[in-house]
Amino acid sequence: MRVLYVAEIVGKAGVFTFKKAIALVKAELKPDFVIACADGATGAKGLGKEHALYIKKLGANVLSCGDFCFAKKDLTEDLERLPFILRPANLNGDVPGFGYGVFKCTDKKIAVAVLLGQAEFSRFHSENPIAGLKGLLENLRSQTPFVIVDYHAAASAEKQTLFYAADGLCSAVIGSHCRVQTADETVLHNGTAVITDAGRTGSQLSVGGCEAKSCIAEFITGIPHWKKDAWDCLELQGVLIDIDDCGKAVSITRVRKAVSV
């Protein structure tokens, strides 16, 4: 199985980039399944319902969200009716939505789960992502050998610790949230593909996809600023994962596709 993971879509520029690039990328790489991180698709903070439906229509099979999963009220109210949108699985059991799912993929099935790191996300009071990891992955593997985890975390050491805890228990763990593509993609000894951060989809000459001036102003004043979209150097980023029939990753390759306005 071949899986394309599209790195975090940021703002209108990110949605535009996804629209322009996804058909070309799919034609070139021929993935069987597409996962798109959409945690910042609406205003660089959260995912609105209209954007969610639009991104799926453009070609994403599953959308993942992280610490901004409940930032947009219109989506939060409908999460129970939208199983293709995943929020972190290690949140309190009373929150709406789905932390994982098993989806059809050609004549097979693929499982996708999202986990949230604990560093910098204290407002969620999330459960330790490693403590319940084995049980979660064993449950998913009982349904399909193809299991992908989106690990939305801020600290690289936290991500890499979970990578080794998950090695051999799933096909891949893809790091997200930092919006900067790292160059450490690898397949671990027991067949799990990993990368610390898949990057972002949108402007690359920016601060995480946002206009630099608005981010600088927020740093100087400490006053939360309504960040503006950046449109310079648009690029779809992500990773392509090839998985054998046993669910072991064969390869992981970084993806970058530039588009013009």
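If you're wondering where the values come from, they're calculated on a predicted model, not measured in any experiment. Both backbone and side-chain heavy atoms feed into the values below; hydrogens, waters and symmetry mates do not.
- E138 meets the salt bridge (Lys or Arg N to Asp or Glu O under 4.0 Å) test with no other residue; sequence neighbours excluded.
- Inter-residue side-chain proximity for L188 and N190 is flagged as unmet; no heavy-atom pair is nearer than 4.5 Å.
- The OH atom of Y5 lies 3.5 Å from the CG atom of D150; values are rounded to the nearest 0.5 Å.
- Proximity of L140 to C170: side-chain heavy atoms (C-beta onward) are nowhere separated by under 4.5 Å.
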**Message:** Does I35 form a side-chain contact (heavy atoms from CB on, under 4.5 Å) with L86? I'd like the steps, not just the answer.
**Reply:** CA-CA 10 Å; I35 304 165; L86 300 179; over 6 Å; no

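- Of all heavy-atom pairs spanning L91 and F70, the tightest one is CD1-CE1, 3.9 Å.
- In this structure, I243 and I148 have side chains that are in contact, with non-hydrogen atoms separated by less than 4.5 Å.
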For residues 43-60, which side-chain donor-acceptor pairs fall under 3.5 Å, sequence neighbours excluded?
| unit_1 | atom_1 | unit_2 | atom_2 | d |
| --- | --- | --- | --- | --- |
| K49 | NZ | D78 | OD2 | 2.3 |
| H51 | ND1 | T42 | OG1 | 2.7 |

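- Taking every heavy atom of both residues into account, S214 and K228 meet most closely at OG-N, 3.5 Å.
- Judged by distance alone, with hydrogens and angles left aside, the side-chain atoms of S203 form a donor-acceptor pair with the main-chain N or O of D232 at under 3.5 Å.
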Do any side-chain atoms of residues 10-19 form donor-acceptor pairs under 3.5 angstrom with protein atoms, and if so which ones, sequence neighbours left out?
| unit_1 | atom_1 | unit_2 | atom_2 | d |
| --- | --- | --- | --- | --- |
| T17 | OG1 | A13 | O | 2.7 |

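- Under the 4.5 Å side-chain heavy-atom criterion for Ile, Leu, Val, Met, Phe, Trp and Tyr, L137 and V102 are members of the same hydrophobic cluster.
- Legend: ring pair (Phe, Tyr, Trp, His ring centres under 6.0 Å) pairs involving residues 238-261, not counting sequence neighbours: none detected.
- Side-chain N or O atoms of R87 include none that pairs as donor or acceptor with a backbone N or O of C69 at under 3.5 Å.
- V250 places none of its side-chain heavy atoms less than 4.5 Å from the side chain of V187.
- For residues 161-190, the set of pairs meeting the ring pair (Phe, Tyr, Trp, His ring centres under 6.0 Å) definition, not counting sequence neighbours, comprises F121-H177, H152-H177.
- Between V6 and L4 the shortest side-chain heavy-atom distance falls below 4.5 Å.
- The two residues W231 and D229 have their closest heavy-atom pair at NE1-CB, 3.7 Å.
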Please table the atom pairs, donor to acceptor, closer than 3.5 Å between any side-chain atom in residues 107-117 and protein atoms at least two apart or in another chain.
none

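- The shortest side-chain heavy-atom distance between S171 and V3 does not fall under the 4.5 Å cut-off.
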**Request:** Could you please spell out the steps behind the side-chain contact (heavy atoms from CB on, under 4.5 Å) verdict for T192 and V173?
**Result:** CA-CA 7 Å; T192 297; V173 182; 4.1 Å; yes

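- Partners of R179 under the salt bridge (Lys or Arg N to Asp or Glu O under 4.0 Å) rule, at least two apart in sequence or in another chain, are E8.
- Connection of M1 to I241 is established within a shared hydrophobic cluster, with ILVMFWY side chains joined at heavy-atom distances below 4.5 Å, either directly or through further cluster members.
- The shortest side-chain heavy-atom distance between L79 and V95 does not fall under the 4.5 Å cut-off.
- Distance check, rounded to the nearest 0.5 Å: CG of N90 to CD of E127 gives 6.5 Å.
- Environment of CZ in F68: crowded, with over 12 heavy atoms of neighbouring residues, nucleotides or ligands closer than 6.0 Å.
- Follow the hydrophobic side-chain contacts under 4.5 Å out from L63 and you never reach F33; the two are in separate clusters.
- Contact detail for C178 and A153: the closest heavy-atom pair is SG-O, 4.0 Å.
- Closest approach of C210 to C215, counting heavy atoms only: CB-SG, 3.9 Å.
- In this structure, CG in L82 is found 6.5 Å from CG in L75, a value given to the nearest 0.5 Å.
- By the ring pair (Phe, Tyr, Trp, His ring centres under 6.0 Å) test, F124 is found to be paired with no residue, residues two or more places apart in sequence or in another chain being considered.
- With sequence neighbours left out, E211 forms a side-chain hydrogen bond (donor to acceptor under 3.5 Å, both in side chains) with no residue at all.
- Summarising the geometry of N139 relative to S142, their closest heavy-atom pair is O-OG, 2.5 Å, with the distance given to 0.1 Å.
- The line from CG of N128 to CG of L133 is 9.5 Å long, rounded to the nearest 0.5 Å.
- Put simply, the side chain of T186 reaches to within 4.5 Å of the side chain of V194, judged on heavy atoms.
- Judged purely by atom type and a 3.5 angstrom limit, Q118 uses its side chain to pair as donor or acceptor with the backbone of S126.
- Cluster annotation: I85 and Y100 are assigned to distinct hydrophobic clusters (Ile/Leu/Val/Met/Phe/Trp/Tyr, side-chain heavy-atom contacts under 4.5 Å, transitive).
- By the side chain to side chain contact (heavy atoms under 4.5 Å, CB included) test, R2 pairs with P31, D32, L240, D242, sequence neighbours left out.
- The hydrophobic clustering, which links ILVMFWY residues whose side-chain heavy atoms are closer than 4.5 Å, places L136 and L162 together.
- Residues that satisfy the salt bridge (Lys or Arg N to Asp or Glu O under 4.0 Å) test with R141, not counting sequence neighbours, are absent from this structure.
- Exactly one of R256, Q237, Q181, E235 qualifies for a side-chain hydrogen bond (donor to acceptor under 3.5 Å, both in side chains) with Q204. That residue is Q237.
- Within the structure, the salt bridge (Lys or Arg N to Asp or Glu O under 4.0 Å) test picks out the following pairs touching residues 183-208 (sequence neighbours left out): K159-D197, E185-R254.
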**Prompt:** Taking it one step at a time, do I216 and V207 satisfy side-chain contact (heavy atoms from CB on, under 4.5 Å)?
**Reply:** CA-CA 9 Å; I216 292 169; V207 179; over 6 Å; no

